[in-house]
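Data first, discussion second: the structure below is written as structure tokens.
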Amino acid sequence: MTEAGPGHDNGLDRGGGITIWRQLASRLEDEIAAGRLEANDRLPTEAALARQFNVNRHTVRRAMGALAEQGLVRVEQGRGAFVEDVVIDYPLRHRTSFSANLLEQGREPRHRIIEVEEVRADRRIAAALRLRRGAKLVLSRAIGFADDIPLNVSVSIFPHARFPGLAERLQDMGSITKALAASGLDDYRRRETRILTRMPTVNEAHDLKQPVNQPVLVTEAVDVDPKGHPIRLGITCFAGGRVQITVGQDA
């Protein structure tokens with residue numbers, strides 16, 4: 001194991017509106033994202049970081065605790081803190097499956113639906129799903145985990161007329177694939193996917209356990225049934241520091 005340290009620019013903005021421990025956590029996170037602190041590298045001790053950044057050890061401890069909550073570092077009793085290996089390849093395919101993607105990489109997937117509601121289609125959603133404006137929709141919000149580390153937050157939107165009773169099935173089953181199968185649709189595929197980056201909302205940052213000033217990767221996708229009819233608009237926000245999206249050969 002190598003002992004790694006952050007870069008030489010140690011200045012923190014002590015007069016700004018961001019707490020020192022958050023700035024320190026962000027600085028270390030940047031070092032990890034840039035590859036200057038690599039997977040399984042040991043971070044400097046609390047005392048060394050306190051001296052380097054001219055802060056007290058309690059500040060360092062809070063910063064390290066925040067990084068541990070994000071899944072970026074692990075703290076081993078008696079050994080110190082180490083950079084966690086959590087960057088995950090996420091292939092985009094015609095039949096993209098969150099669980100299958102993670103299982104292929106030896107990760108334990110978990111998908112938790114946190115809200116299901118019925119809403120009306122605005123112009124953008126109506127165009128994507130080929131519906132009239134104001135059409136009734138089923139909207140589901142969920143968090144996806146890899147090894148209990150939050151990986152993405154997602155919104156899935158379905159035409160209510162196509163899937164009556166879907167809201168109840170989603171709440172009962174906790175799985176989109178199972179709920180759609182119970183609604184009579186056993187097979188669907190990805191028609192198109194757009195990828196963009198942006199800053200997270202406060203709620204997205206909270207759910208992903210990442211700083212609000214760290215960008216996220218966002219995919220906007222339309223799924224269709226075997227006849228090509230749109231059945232789902234999916235907007236998925238990935239933790240930018242934990243995911244690298246790849247395009248599969250069948251995408």
Side-chain angles (χ1 to χ4, degrees), residues 25-26 28-35 37-39 66-74 83-116 124-125 128 139-158 170 174-177 188-223 232-251:
S26 181
L28 293 172
E29 187 173 354
D30 288 345
E31 296 291 325
I32 294 170
L37 287 171
E38 298 181 347
L67 293 174
E69 286 183 2
Q70 296 173 47
L72 295 178
V73 304
R74 67 182 185 277
V83 178
E84 189 62 277
D85 182 12
V86 295
V87 177
I88 293 172
D89 285 315
Y90 196 87
L92 293 181
R93 306 184 178 107
H94 282 314
R95 287 174 174 80
T96 296
S97 167
F98 177 79
S99 295
N101 278 348
L102 296 182
L103 288 171
E104 286 175 2
Q105 300 174 63
R107 304 281 184 177
E108 182 65 31
R110 183 162 62 89
H111 187 80
R112 177 163 60 90
I113 293 178
I114 56 178
E115 182 181 18
V116 179
R124 175 169 167 264
I125 295 173
L139 184 149
S140 169
R141 293 184 177 87
I143 304 177
F145 299 84
D147 299 330
D148 289 326
I149 298 170
L151 198 65
N152 65 42
V153 292
S154 62
V155 174
S156 295
I157 305 169
F158 308 88
L170 286 168
S175 164
I176 289 174
T177 300
Y188 57 94
R189 64 179 178 84
R190 183 66 44 86
R191 187 185 72 189
E192 62 184 25
T193 303
R194 298 175 60 223
I195 305 172
L196 58 141
T197 60
R198 61 169 171 79
M199 304 305 290
T201 65
V202 172
N203 287 339
E204 288 169 341
H206 175 269
D207 289 339
L208 292 171
K209 294 184 178 178
Q210 73 163 55
V212 73
N213 61 349
Q214 182 185 51
V216 291
L217 287 168
V218 179
T219 63
E220 297 184 0
V222 176
D223 293 337
R232 171 183 175 267
L233 171 63
I235 303 170
T236 304
C237 174
F238 292 90
R242 297 174 210 151
V243 176
Q244 53 186 13
I245 292 178
T246 60
V247 179
Q249 292 182 352
D250 66 341

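Both backbone and side-chain heavy atoms feed into the values below; hydrogens, waters and symmetry mates do not.
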Minimum heavy-atom separation for Gly174 to His111, with atom names?
O-CD2, 4.0 Å
A side-chain contact here means heavy atoms from C-beta on lying under 4.5 Å apart; do Leu208 and Cys237 qualify?
yes
Nearest-0.5 Å distance that lies between atom CD in Glu220 and atom CG in Leu233:
7.0 Å
Between Arg242 and Pro150, is any pair of side-chain heavy atoms under 4.5 Å apart?
yes
From CA spacing to verdict: side chain to side chain contact (heavy atoms under 4.5 Å, CB included), Thr219, Tyr90
CA-CA 11 Å; Thr219 63; Tyr90 196 87; over 6 Å; no
Separation of Leu92 CG from Thr193 OG1 (nearest 0.5 Å)
5.5 Å
Using the rule side-chain contact (heavy atoms from CB on, under 4.5 Å), only one of Val155, Ile113, Ile157 pairs with Ser140; which is it?
Ile113
Nearest heavy-atom contact between Tyr188 and Asp223 is CE1-OD2, 3.8 Å
Using side chain to side chain contact (heavy atoms under 4.5 Å, CB included), reason through Ile176 and Phe98 one step at a time and then give a plain yes or no.
CA-CA 11 Å; Ile176 289 174; Phe98 177 79; over 6 Å; no
Between atom CG of Asn152 and atom CD1 of Ile235, what is the distance when rounded to the nearest 0.5 Å?
13.0 Å
Step by step, work out the side chain to side chain contact (heavy atoms under 4.5 Å, CB included) result for Met199 and Val212.
CA-CA 7 Å; Met199 304 305 290; Val212 73; over 6 Å; no
Could you tell me whether the side chain of Ile88 reaches within less than 4.5 Å of the side chain of Asn101, counting heavy atoms only?
no
Find the distance between OG1 (Thr201) and CG (Asp207) and round it off to the nearest 0.5 Å.
8.0 Å
Rounded to the nearest 0.5 Å, what separation is found between the CG atom of Leu217 and the CD1 atom of Ile245?
5.0 Å
CG-CG distance between Leu37 and Leu72, expressed to the nearest 0.5 angstrom
11.0 Å
Report yes if the side chains of Arg141 and Val153 come closer than 4.5 Å at any heavy-atom pair, otherwise no.
no
Least distance between heavy atoms, Pro200 atom then Val216 atom:
CB-CG1, 3.8 Å
Scan Arg191, Arg194, Arg190 and name whichever one has a side-chain contact (heavy atoms from CB on, under 4.5 Å) with Val222.
Arg191
Let me see the working for Leu102 and Leu151 under side chain to side chain contact (heavy atoms under 4.5 Å, CB included), right down to the final yes or no.
CA-CA 11 Å; Leu102 296 182; Leu151 198 65; 4.0 Å; yes
